[in-house]
Structures are given as C-alpha cells and as structure tokens.
Amino acid sequence: HLADIDHNYRLSLSEFRHVFFEFDRNHDKSLTSDEFLLDWQERCLGSSLEGVILFHHLDVDRNGHIEDTDIPWVMNYFDGNLDGVVGQAEFVTTWLKLIRSPHGRR
C-alpha cells in the first residue's frame, strides 16, 4: 500500500522505482543494504532477516547496491503474468515464495 501511489492495487515500474528510492537516505540513486535495512526496521515492514533476504534478491547484479538498472529485473520477477504491472496477488505470492524458499530460511 505504501508503494501504490495511484491506489489502483497494482504497481507500475515508476511506482517500483519510487518505493525503492524512498529508502535511499543519501539520495545517490544507489540503495545500500544498510540504508534498506534501516528503513525496513523503522517502518516495521518485517523481521530483519526478511529484510536481508529481500535485499539480496533485489540486488540483481550482486554488487551490494540496488540501483536503477536492477528495478526492471525486480519488476519482472514479481510480475507473474508479465503484463507490465505487479498486482497485489502477484506481489504477495512472490514475497511468500521468497521468504519460504530454502535461501530464505538461513
């Protein structure tokens, strides 16, 4: 709900970008794990472990930062039917798969 700017229960690519870069505390368009986890905890979005799991899945190129080039890949990962938007059910389904995966239980 925090990311759904137009309140249509679907996230567009621009909404995905917007939500990730809200976590970017120094506004350098490069979201570090520290920035992400600090905001994650302050907003009470889940456990620290869930935040770490999510960050590492979203850091597509594994360079330790979520950058603008990662966002389209992240969007496609969550967009199960590849219609260019992520519906609420798609997001929840993908999120549950992430936290329940063997990598998510470490």
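Values in this document were obtained by computation on a predicted structure and should not be read as measured data.
- Here Asp39 pairs with Arg25 in a salt bridge; the nearest charged N to carboxylate O distance falls below 4.0 Å.
- By the 4.0 Å N-to-carboxylate-O rule, Asp68 lies too far from Lys29 to be salt-bridged with it.
- Of all heavy-atom pairs spanning Glu35 and Asn26, the tightest one is OE2-OD1, 3.0 Å.
- For the residue pair Gly80 and Glu90, the shortest heavy atom distance occurs at N-OE2, 3.0 Å.
- Not one N or O on the side chain of Asp70 forms a donor-acceptor pair closer than 3.5 Å with the backbone of Asp59.
- When all heavy atoms of Leu37 and Val52 are compared, the pair lying nearest together is CD2-N, 3.5 Å.
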**Item:** Residues Trp40, Glu50; criterion side-chain contact (heavy atoms from CB on, under 4.5 Å); working and verdict
**Value:** CA-CA 9 Å; Trp40 179 268; Glu50 289 171 339; 4.0 Å; yes

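- A donor-acceptor contact shorter than 3.5 Å is absent between the side chain of Gln88 and the backbone of Tyr9.
- Phe21 contributes atom CZ, which lies 12.5 Å from atom CZ of Phe16 (distance to the nearest 0.5 angstrom).
- Side-chain contact between Glu67 and Ile71 is absent, with no heavy-atom pair separated by less than 4.5 Å.
- Val92 is connected to Leu11 through a chain of hydrophobic side-chain contacts under 4.5 Å among Ile, Leu, Val, Met, Phe, Trp and Tyr, so both are in one cluster.
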**Request:** Step by step, work out the side-chain contact (heavy atoms from CB on, under 4.5 Å) result for Val74 and His57.
**Result:** CA-CA 8 Å; Val74 172; His57 276 83; over 6 Å; no

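- Remark: Trp73 CH2 to Ile66 CD1 distance equals 16.0 Å, nearest 0.5 Å.
- The line from OG of Ser47 to CD1 of Ile53 is 6.5 Å long, rounded to the nearest 0.5 Å.
- Closest approach of Asp83 to Val85, counting heavy atoms only: OD1-O, 2.8 Å.
- Nearest approach of His65 to Ser30, heavy atoms of both residues: CD2-OG, 3.0 Å.
- Of the charged side-chain nitrogens involved, at least one lies within less than 4.0 Å of a carboxylate oxygen, so that Glu22 and Arg43 count as a salt-bridged pair.
- Residues Arg10 and Asp4 come closest through the heavy atom pair O-OD1, 3.2 Å.
- Phe23 and Leu38 are not part of a single hydrophobic cluster, where members link through side-chain heavy atoms under 4.5 Å apart.
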**Request:** Kindly determine whether Leu58 and Phe78 satisfy side-chain contact (heavy atoms from CB on, under 4.5 Å), including the steps that lead there.
**Result:** CA-CA 10 Å; Leu58 301 178; Phe78 279 89; 4.0 Å; yes

